[in-house]
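All figures in this text were calculated on a predicted structure; none of them were measured in a lab.
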Amino acid sequence: QAELGKPQRNCNTLPGFDFSYGLYIHRTDGGVPEAIGHWNTVKPRTASVQKMPRDFITMNCGALKAGYSTPHEFNLYYKAKDIRRKDDEYSRFKRCPPKIPADMTYGITARPCTPFFDLLQHKYKELWMEQQRALTAAQRVEKKKKNKVHETRTTLLRKQPLPAKEESFWHLPRLEKVGPHLSTFPDRDAHKKAFSA
């Protein structure tokens, strides 16, 4: 039964003071004395030695100085004298540090401030209107170019015909200076009178 004059309790009872929450691990969970008395530290790992790549430039120079010229001799020289690159030479940043200008700033540049004076003057609207006018004018010019009829040789000849060629009859050169064999005129005066007309 519920207690008289008190609200009903809707909760579970808690365990006693000697109860420990969580997982209890035997032999290691000794509490504060064990934490103070023992140092369970992680042993340091030995860094794995990286095998550096071969220094072919030095080996090629040595092979040439020794008088070798064929690929087989070069391979034998590589096996005999295996020269590796040094750690400082192989490091990219030690070899050639990146060239950065003195006034360079890292990161994204800040957005420029909003020009409120241009907003109040409706400057962006005017710029947009000018762009639209220029675009319309360009479209009109393009349309006129498309509608224009291209002149062909036939249309040009119809407008301006070529001058008519004068017919020149061709004569044989051996018949140019041959005189007439017959004279049908009664006398020379009649001949002259006929040709003068």
Between atom [atom1] of [X] and atom [atom2] of [Y], what is the distance when rounded to the nearest 0.5 Å?
X      : Y      : atom1 : atom2 : result
Leu162 : Lys165 : CG    : NZ    : 8.5 Å
Lys65  : Tyr77  : NZ    : OH    : 9.0 Å
Tyr124 : Leu119 : OH    : CG    : 5.5 Å
Phe56  : Arg85  : CZ    : CZ    : 9.5 Å
Leu76  : Lys79  : CG    : NZ    : 6.5 Å
Lys125 : Met129 : NZ    : CE    : 6.5 Å

> Do you know the tightest heavy-atom contact between Ala194 and Phe185?
Replying inline: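 Scanning both residues completely, I find the closest heavy atoms to be CB-CE2, 3.6 Å.
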>> Minimum heavy-atom separation for Met104 and Ile100, please, with both atom names.
In response: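 The answer is SD-CG2, 3.1 Å.
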>> Run Leu64 and Phe74 through side chain to side chain contact (heavy atoms under 4.5 Å, CB included) and show every step you take.
In response: CA-CA 9 Å; Leu64 286 172; Phe74 268 75; 4.1 Å; yes
>> For Phe195 and His191, take the angle between the two ring planes, folded into 0 to 90°, and tell me which bin it lands in: parallel under 30, tilted 30 to 60, perpendicular over 60.
In response: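 Judged by the thresholds at 30° and 60°, the geometry between Phe195 and His191 is tilted.
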>> Would you say that more than 12 heavy atoms from the other residues, nucleotides or ligands in this model lie under 6.0 Å from the CD1 of Ile57, or not?
In response: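 No, the 6.0 Å shell around CD1 holds no more than 12 heavy atoms from other groups.
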>> Does any part of the side chain of Leu135, heavy atoms only, come nearer than 4.5 Å to the side chain of Gln131, both counted from C-beta?
In response: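 No, their side chains stay 4.5 Å or more apart.
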>> Walk me through whether Lys159 and Glu151 qualify under side chain to side chain contact (heavy atoms under 4.5 Å, CB included).
In response: CA-CA 11 Å; Lys159 289 178 181 177; Glu151 294 287 342; 3.0 Å; yes
>> Please determine whether a side-chain nitrogen of the Lys or Arg among Asp55 and Arg84 lies less than 4.0 Å from a carboxylate oxygen of the Asp or Glu.
In response: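 Salt bridge between Asp55 and Arg84, a charged N being under 4.0 Å from a carboxylate O: no.
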> So Met59 and Lys81, side chain to side chain contact (heavy atoms under 4.5 Å, CB included) or not? Walk me through it.
Replying inline: CA-CA 8 Å; Met59 287 194 288; Lys81 295 189 177 181; 5.7 Å; no
>> Using side chain to side chain contact (heavy atoms under 4.5 Å, CB included), reason through Asp82 and Arg54 one step at a time and then give a plain yes or no.
In response: CA-CA 7 Å; Asp82 189 14; Arg54 284 179 162 185; 3.1 Å; yes
> Sub-3.5 Å donor-acceptor pair from the side chain of Glu73 to the main-chain atoms of Ser69, do we have one?
Replying inline: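 At least one qualifying donor-acceptor pair exists.
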>> Under a 3.5 Å cutoff, is there a donor and acceptor pairing between the side chains of Tyr68 and Asn75?
In response: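 Short answer, no.
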